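First up is the structure itself, then whatever we jot down about it.
Everything numeric here is computed off the predicted structure, so don't read it as measured data. In listed order, ligands and their atoms are each counted from 1.
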Amino acid sequence: MVSCDHLVRTFAARAGTVAALDDVSFRVERGEFVAIHGASGSGKSTLLLTLGGMLRPTSGAVSIDGRDLYSLSAGARTRFRASTIGFVFQLFHLVPYLDVRQNILAGVPRPDADARARVDRLIEELGLGPRAESLPSTLSAGERQRVALARALAKQPPLILADEPTGNLDPVNAGVVFRRLADYQRAGGTVLVVTHGNDAAPYATRTLRLDHGRLAARLTTEVL
Ligand code: ADP
Ligand code: MG
């Protein structure tokens, strides 16, 4: 489903060049739930944006469903991303003038009656019922985070990439989010989550660790 080869991404910094990703290669098979843990600054967001077709690597290649992302034109890459990937941004990226229900529905290609019913179910499952008609600016960070997840799930993409999807949540709501992602995976979806804690581990089928831009098996005994 996802494969990347020798990904390198550098950024210019005052003290020279920072390698946010330093020769990262791995694959995620269809139906896996992979969690990547790493400290703040280890390259998690850089990795996810690169895999999601939003950040061109300095070198190396990303392929999703057999498609080499960065050999597509920008327009083709955007269309491919829209149809294939549900992306949960670390900073949510909600549309400020749409309410919660409209934000979630905005991710759906065909907002027909089925999609509307699906969105209403997600709103209930994620505890957003009382906020369905609220604008993002009136929500807590934890509520916005759940809206961002609901938007990714609502379009029923084959792949979900989630950047610290529980970063603003209490343990109870974090459990709700990870269980919902695990349900999606059991229904045939593929999930890749990056987190700074290890709270995704109980839900993941495989766990990796990112350390200063380099990927390692977290503990050999944990890798199936
Ligand atoms: P994480 O998500 O794990 O906290 P990031 O991927 O955001 O880590 O960042 C990894 C490293 O790359 C950090 O040292 C960060 O400062 C640097 N970095 C990320 N994005 C940029 C950018 N746009 N410009 C300069 N440096 C960046
Ligand atoms: Mg990050």
Side-chain angles (χ1 to χ4, degrees), residues 2-28 32-64 69-70 74 77-78 81 85-94 136 139-153 159-171 173-174 177-178 181 190-201 203-204 206-219 222-223:
V2 181
S3 108
C4 62
D5 284 300
H6 301 292
L7 279 186
V8 173
R9 175 67 212 208
T10 59
F11 291 107
R14 221 174 303 160
T17 304
V18 177
L21 297 177
D22 184 6
D23 196 19
V24 171
S25 303
F26 70 108
R27 298 168 57 87
V28 178
E32 279 195 289
F33 183 149
V34 174
I36 299 183
H37 298 153
S40 179
S42 59
K44 300 183 299 296
S45 293
T46 304
L47 175 62
L48 223 56
L49 290 168
T50 305
L51 296 178
M54 287 169 276
L55 184 68
R56 184 179 288 277
T58 306
S59 62
V62 176
S63 116
I64 307 274
L69 277 192
Y70 293 96
R77 190 162 58 247
T78 300
R81 188 175 75 219
I85 304 175
F87 202 97
V88 184
F89 290 92
Q90 185 168 14
L91 298 175
F92 326 127
H93 292 247
L94 302 178
L139 304 180
S140 72
E143 288 166 339
R144 286 179 218 188
Q145 188 144 50
R146 281 174 282 152
V147 177
L149 174 72
R151 181 179 54 185
L153 286 165
L159 173 66
I160 287 187
L161 302 177
D163 193 347
E164 306 213 31
T166 58
N168 298 283
L169 299 180
D170 55 82
N173 277 308
V177 162
F178 284 133
L181 284 170
T190 306
V191 184
L192 176 59
V193 171
V194 299
T195 63
H196 69 271
N198 60 4
D199 49 349
Y203 305 90
R206 188 156 60 103
T207 304
L208 302 169
R209 187 167 58 85
L210 194 61
D211 187 11
H212 291 94
R214 299 188 73 97
L215 198 65
R218 187 158 173 268
L219 277 177
E222 281 184 355
V223 177

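The Mg ion (ligand 2) has an N, O or S atom of S45 inside 2.8 Å of it. Contact annotation: S40 places no N, O or S atom under 2.8 Å from the Mg ion (ligand 2).
The residue from V194, L210, L21 that alone fulfils the side chain to side chain contact (heavy atoms under 4.5 Å, CB included) condition with S42 is L210.
The backbone N or O of N198 sits nowhere less than 3.5 Å from a side-chain atom of T195 that would complete a donor-acceptor pair. A distance-only check finds a donor-acceptor pair linking the side chain of K44 to the backbone of A39 [under 3.5 Å]. With R9 contributing its side chain and P57 its backbone, the two residues share no donor-acceptor pair below 3.5 Å.
Nearest non-hydrogen protein atom to atom 4 (O) of ligand 1 is G41 N, 2.7 Å. Nearest non-hydrogen protein atom to atom 17 (C) of ligand 1 is F11 CD1, 3.9 Å. Of all protein heavy atoms, the one closest to atom 12 (O) of ligand 1 is A20 CB, 3.4 Å. Atom 6 (O) of ligand 1 has as its closest protein heavy atom T46 OG1, 2.5 Å. Nearest protein heavy-atom neighbour of atom 14 (O) of ligand 1: V18 CG1, 3.9 Å. Remark: minimum distance from atom 7 (O) of ligand 1 to any protein heavy atom is reached at S45 CB, 3.8 Å.
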Chi angles and distances behind the side chain to side chain contact (heavy atoms under 4.5 Å, CB included) call for L215, I36: CA-CA 9 Å; L215 198 65; I36 299 183; 4.1 Å; yes
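Note that atom 23 (N) of ligand 1 has protein non-hydrogen atoms nearby, at separations under 4.0 angstrom.
With no hydrogens or angles considered, a side-chain donor-acceptor pair links D23 and H6 at under 3.5 Å. Using modelled atom types, one finds a donor on one side chain and an acceptor on the other under 3.5 Å when comparing D163 with S45.
Taking a 4.0 Å cut-off on heavy atoms, G43 registers as neighbouring ligand 1.
Heavy-atom contacts of A39 reach the following atoms of ligand 1: 3 (O) (cutoff under 4.0 Å).
Other residues, nucleotides and ligands contribute at most 12 non-hydrogen atoms within 6.0 Å of the NE2 atom of H212.
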